[in-house]
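Quick caveat: nothing in here was measured; it's all calculated off a predicted structure.
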Amino acid sequence: MKRKGFFPRLWRRMKRIIFIVFFLQLFYILLLRWVDPPITMTQFISWISGNGLKRDYVSGDNISSNAKLAVISSEDQLFPDHEGFDWKSIKKAMEYNKRKPNRIRGASTISQQVAKNVFLWQGRSWFRKGLEVYFTFMIEVLWGKKRILDVYLNTIEMGDGIFGIEAAAKTYFNKPAKNLSRQEAAMIAACLPNPKRYKVKPLSNYVASRSQWVMQQMSFLEPDPDIQRIIK
C-alpha cells in the first residue's frame, strides 16, 4: 500500500515543481521586457575564461538607427515580417548541412539569437534547440520587435570580450553608439557571423568586403515602412 501511495505523491511534487519553474521563467521573460539581462551565459564564460567582459547597456533611444538597420541588413532582413523563424532559410540550411556535414550553416533569426544568448547556452543539441524555439516564441509574443532588437544590440558579442553596440562603438571608434555612422555601423555588423575571427580593428579583409555589401543592403531596406517602424 505504501508503494502505491508513493508514485501519486511523487507526481504531485513533480507537478508542483514544474509549475514553480514555469512561473519563474515566465516572470523572468516578462521582467526582461523592461529590465536588461544581468548577465548571459556567453558573457559569463567570456569573463571566467579570461577574455574579459566589456559591456554598457543603453536604451534604444541611445542607439543609432544606422546600427539597427545594419544588423537587420546583415543578419536578418526578414526580421520585421517573420514571427521568430525564417522557415525558408532553415530549410536551406538543413539541406546544406546534409550535403556538407563538416561545414555547418546556421539560419538563426535575430529573435532566435536573442533567445539563445539571453536564456540559454551555446550548443547544438535537440534539447537546447527545443528550448530555443520556446523562448523565441515567448519573446516574440511578450516583447515585440523593438525590444528584441534593443536586447540583441546590447547583448550580442561584437569582438573578444566585447558585448553590445555601445561597448563596440567605444572600443572601435571612440564614440557612443548613438553617433555611429553608416559605415561604422556596417563594419560592426559585418563581423557578427564570427566576431572572434572577423576583426573590426585591425580591419580584416572579410569585414572590409562584407561591410560594403551591408551598406548596399541598408540602402535597399531603409525605405521599407516596416523597417522604419522598428529602427526609429
Side-chain angles (χ1 to χ4, degrees), residues 28-29 31-76 79 106 108-124 128 131-132 135-136 139 143 145-181 183-204 206-207 210-211 214 230-231:
Y28 187 58
I29 295 172
L31 181 66
L32 294 190
R33 181 176 179 180
W34 298 280
V35 178
D36 294 321
I39 194 168
T40 70
M41 185 63 71
T42 305
Q43 291 172 354
F44 179 71
I45 292 173
S46 176
W47 178 60
I48 64 172
S49 63
N51 289 325
L53 176 55
K54 294 181 182 179
R55 69 172 193 181
D56 189 3
Y57 292 153
V58 292
S59 67
D61 293 337
N62 287 314
I63 299 175
S64 165
S65 59
N66 289 326
K68 298 175 183 180
L69 180 60
V71 296
I72 292 174
S73 300
S74 176
E75 295 293 292
D76 185 3
F79 178 66
S108 294
T109 62
I110 285 175
S111 302
Q112 287 175 272
Q113 292 182 57
V114 170
K116 176 180 66 177
N117 290 327
V118 173
F119 300 102
L120 302 171
W121 60 94
Q122 303 295 325
R124 295 186 178 278
R128 196 204 63 79
L131 290 175
E132 181 184 307
F135 282 111
T136 300
I139 63 175
W143 289 7
K145 296 291 186 180
K146 280 196 171 186
R147 179 58 179 166
I148 291 172
L149 185 60
D150 288 350
V151 173
Y152 176 83
L153 282 163
N154 273 308
T155 58
I156 195 72
E157 188 170 16
M158 295 179 167
D160 288 326
I162 301 169
F163 292 87
I165 192 68
E166 182 76 359
K170 289 179 178 178
T171 300
Y172 298 136
F173 304 111
N174 196 31
K175 63 172 62 176
K178 65 181 179 181
N179 293 336
L180 286 171
S181 68
Q183 184 174 13
E184 291 165 345
M187 290 169 66
I188 294 174
C191 83
L192 293 180
N194 192 336
K196 293 182 181 296
R197 179 179 178 185
Y198 306 130
K199 304 295 184 181
V200 177
K201 283 193 175 181
L203 185 63
S204 68
Y206 175 88
V207 171
R210 182 172 173 80
S211 62
V214 172
I230 293 174
I231 68 174

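- Using a distance-only test at 3.5 Å, with no hydrogens or angles considered, no donor-acceptor pair links the side chain of S46 to the main chain of T42.
- Two residues are said to be in side-chain contact when any heavy atoms from C-beta on lie closer than 4.5 Å; K199 and C191 fail this criterion.
- Contact check for L153 versus M158: side-chain heavy atoms found under the 4.5 Å cut-off.
- N66 approaches S181 most closely through the heavy-atom pair ND2-C, 3.6 Å.
- Annotation: the span from I156 atom CD1 to I110 atom CD1 amounts to 9.0 Å, rounded to 0.5 Å.
- Residues F135 and V114 have side chains not in contact (no heavy-atom distance under 4.5 Å, counting atoms from C-beta outward).
- Ring geometry for F119 versus Y28: interplanar angle over 60°, hence perpendicular rather than tilted (30 to 60°).
- Annotation for K145: atom NZ counts as buried by contact number, over 12 foreign heavy atoms lying within 6.0 Å.
- The CZ atom of R55 sits 14.5 Å away from atom CD1 of I162, with the distance rounded to the nearest 0.5 Å.
- Proximity of a side-chain donor or acceptor of S74 to a complementary backbone N or O of A70 within less than 3.5 Å is not detected.
- Sparse packing is recorded around CG of N174, with 12 or fewer heavy atoms of other residues, nucleotides or ligands lying under 6.0 Å away.
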Quiz prompt | Worked check of side-chain contact (heavy atoms from CB on, under 4.5 Å) between Y152 and L192 | solution = CA-CA 11 Å; Y152 176 83; L192 293 180; 3.4 Å; yes
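- Under the 4.0 Å criterion applied to side-chain N and carboxylate O atoms, K178 and D61 are not assigned as salt-bridge partners.
- Distance CD/E132 to CD/Q112: 5.0 Å, rounded to 0.5 Å.
- Considering only heavy atoms from C-beta on, K68 stays 4.5 Å or farther from I230 through its side chain.
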Quiz prompt | Test side-chain contact (heavy atoms from CB on, under 4.5 Å) applied to I165 and L180, step by step | solution = CA-CA 10 Å; I165 192 68; L180 286 171; 3.8 Å; yes
Practice problem: Run the numbers on K170 and K54 for side-chain contact (heavy atoms from CB on, under 4.5 Å), then give the verdict. | Solution: CA-CA 10 Å; K170 289 179 178 178; K54 294 181 182 179; over 6 Å; no
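- Within the 3.5 Å criterion, the main-chain N or O of A189 finds no donor-acceptor partner in the side chain of R210.
- Donor-acceptor pairing under 3.5 Å is lacking for the side chains of R197 and S204.
- Ion pair D160/K201 not flagged as a salt bridge, since none of the NZ, NE, NH1 or NH2 atoms sits closer than 4.0 Å to an Asp/Glu carboxylate oxygen.
- Using a 4.5 Å heavy-atom threshold, the side chains of F79 and T109 count as separate.
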